[in-house]
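Notes to accompany the following structure.
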Amino acid sequence: MLAAVVDRKTSLDGMLDATNGNPAYRALNEADRALVRAILNSALRQLPRIQAMVGSLLETPLPEGARTLEHVLAIAAAQILYLDIPDHSAVDLAVEQARTDPRTKRFANLVNAVLRRLSREKHDLLATVGSTIPAIPAWFHERLVATYGKDHANEIAEALLTPAAIDLTVKSDAEGWASRLNGRVLPTGSVRLASFVGSVPSLSGFEDGEWWVQDAAASLPARLFGPLAGKRVIDLCAAPGGKTAQLVLAGGEVTALDQSRSRLKRLERNLARLGFSADALEADMGKFTTGELFDAALLDAPCSSTGTIRRHPDVLWTKGPEDIAKLAALQERLLRHALTLVKPGGIVVFSNCSLDWSEGEDVAKSVVDSGLCERIAIQESDWPGLEEAVTPLGEFRTTPAMIAPEGEFSGGLDGFYAVVLRRTV
Ligand SMILES: C[S@@+](CC[C@H](N)C(=O)[O-])C[C@H]1O[C@@H](n2cnc3c(N)ncnc32)[C@H](O)[C@@H]1O
């Protein structure tokens, strides 16, 4: 599975899907599945450091094309270095795996020797090689440094190593839900749960549809519309519906459009649990036209998702600079089209969960500069506690290094971009 992510850019979520995922994974019991997920997530989060530490123990570099061998070593190293698994079990399993695979058979002794040394020297290695190089691939680190400067880039890289907290968007009474669920109200209005193991659906309020899981940063774009009573609103990339639910909650008459039938079905299920309704529409928004223009539109566009690496560490390996360039071009096309779907004077909020300015700030600038719309600046004074996320131009830019941890509550936000645009022509 590590090879599928790193070498073939396969999404981890797809392979871990309980019904359509990897058959060997699906055959495991729940405890073993959890272990597989923990190992893969650690390996993917720390891969550049793992590779550097393993590399420092090799007398000669691994032969060209020894990818399977690299992956066997990385999976064992993730357990030895970062997980609470007895080192000897990780070593024995890796040696057995190397022996039984014709591609790695002749390296079984090397696997044994390298991993035993890694186990002996791990404290030194973690303190030296393992903490001095960024845990993210070089291309991504370079982009972060170019955009955010070295210090913030390194803070982001470090923040990506901590799994995201569970945040809830509540229908009402955030303080009450925070006290009932051992949470804390964030400046976004979301409720952040203290470290939590268990199943979300078993929590109070889930069955009754009182809240839904949504990263605090992901809740910002829809909040930017304010009250929507009496307004016709279209959510153009709606599924699985976290933001649609917010638009309904704000009182809008909402059309939820998405091109994926299966994701739209998920949206319908999610809204039903919350007791909300919206017109669900399966369509490619780039081709969608309407007789009656909308008052407002949300375009939460498809993106590289680099802002969600804390929960999806595979993104570091499945996406690259070429994908980002393609997605940025697609977003600009979709945003220009979104503006044609609202009345003149109507509002479009454009957002996505990329950390890359080429998918956010640059897209908005290009569309604003072309004269189709104007930016309505977000005011810092309206968002106490979130001032650092409001840019000089009045847009939202969140990163995983924002929101400090507090007591038992971890910090961090997904990387998100959001801008409010008013159609001018
Ligand atoms: C980032 S997700 C949206 C998340 C959603 N707004 C939420 O808050 O739950 C992007 C969605 O856009 C949809 N999508 C991508 N391209 C589209 C297009 N051309 N037309 C309609 N939907 C599209 C995808 O199917 C996916 O569900």
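Residues: numbered from 1 along the sequence shown. As the structure lists them, so they are numbered: ligands from 1, and atoms in each ligand from 1.
For the residue pair S354 and D356, no side-chain donor N or O sits within less than 3.5 Å of a side-chain acceptor on the partner. No side-chain donor-acceptor contact under 3.5 Å links T147 and R143. The closest side-chain donor-acceptor pair between H312 and S305, if any, does not fall under 3.5 angstrom.
Of all the heavy atoms of A218, none lies under 4.0 Å from any atom of ligand 1, so neither backbone nor side chain is involved. For L236, every heavy-atom contact with ligand 1 shorter than 4.0 Å involves the backbone, none the side chain. Only the side chain of R263 comes within contact range of ligand 1, with a heavy atom under 4.0 Å; no backbone atom does.
The P240 neighbourhood of ligand 1 comprises atoms 9 (O), with distances under 4.0 Å to a heavy atom of that residue. Residue D284 approaches ligand 1 through these ligand atoms, each under 4.0 Å from one of its heavy atoms: 18 (C), 19 (N), 20 (N). Each of the atoms 20 (N), 21 (C) of ligand 1 lies under 4.0 Å from some heavy atom of A283. If you number the atoms of ligand 1 from 1 as listed, the ones under 4.0 Å from a heavy atom of S260 come out as 25 (O). Distances below 4.0 Å separate heavy atoms of G241 from the following atoms of ligand 1: 7 (C), 9 (O).
The protein non-hydrogen atom at the shortest distance from atom 4 (C) of ligand 1 is A239 O, 3.1 Å. Protein heavy atom at the shortest distance from atom 25 (O) of ligand 1 is D258 OD1, 2.6 Å.
Considering each of L264, L330, L298, D300, the one bringing a non-hydrogen atom nearest atom 1 (C) of ligand 1 is D300. Taking each of Q331, R266, M285, Q259 in turn, the one with a heavy atom nearest to atom 16 (N) of ligand 1 proves to be Q259. Between A301, G286, C237, it is C237 that holds the heavy atom closest to atom 14 (N) of ligand 1.
Ligand 1 has no nitrogen or oxygen under 3.5 angstrom from a nitrogen or oxygen of L257. For K243, a nitrogen or oxygen atom sits less than 3.5 Å from a nitrogen or oxygen atom of ligand 1, counting backbone and side chain alike.
No donor-acceptor distance shorter than 3.5 angstrom exists from the side chain of R310 to the backbone of L161, with no hydrogens or angles considered.
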Practice problem: Would you check, one step at a time, whether the test side-chain contact (heavy atoms from CB on, under 4.5 Å) holds for R180 with D173? | Solution: CA-CA 11 Å; R180 280 189 283 279; D173 188 21; 3.3 Å; yes
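Ring orientation note: the planes of Y148 and W357 are nearly perpendicular, at an angle over 60° on the 30°/60° scale.
A cation-pi geometry, defined here as NZ or CZ lying under 6.0 Å from the six-membered ring centre and within 45° of its normal, holds between K171 and F276.
M53 places a side-chain heavy atom less than 4.5 Å from the side chain of R49.
Using a cut-off of 4.0 Å between Lys/Arg side-chain N and Asp/Glu carboxylate O, K326 and E322 are scored as not salt-bridged.
R423 pairs with exactly one of V342, V348, L372 by the side-chain contact (heavy atoms from CB on, under 4.5 Å) rule, that one being V342.
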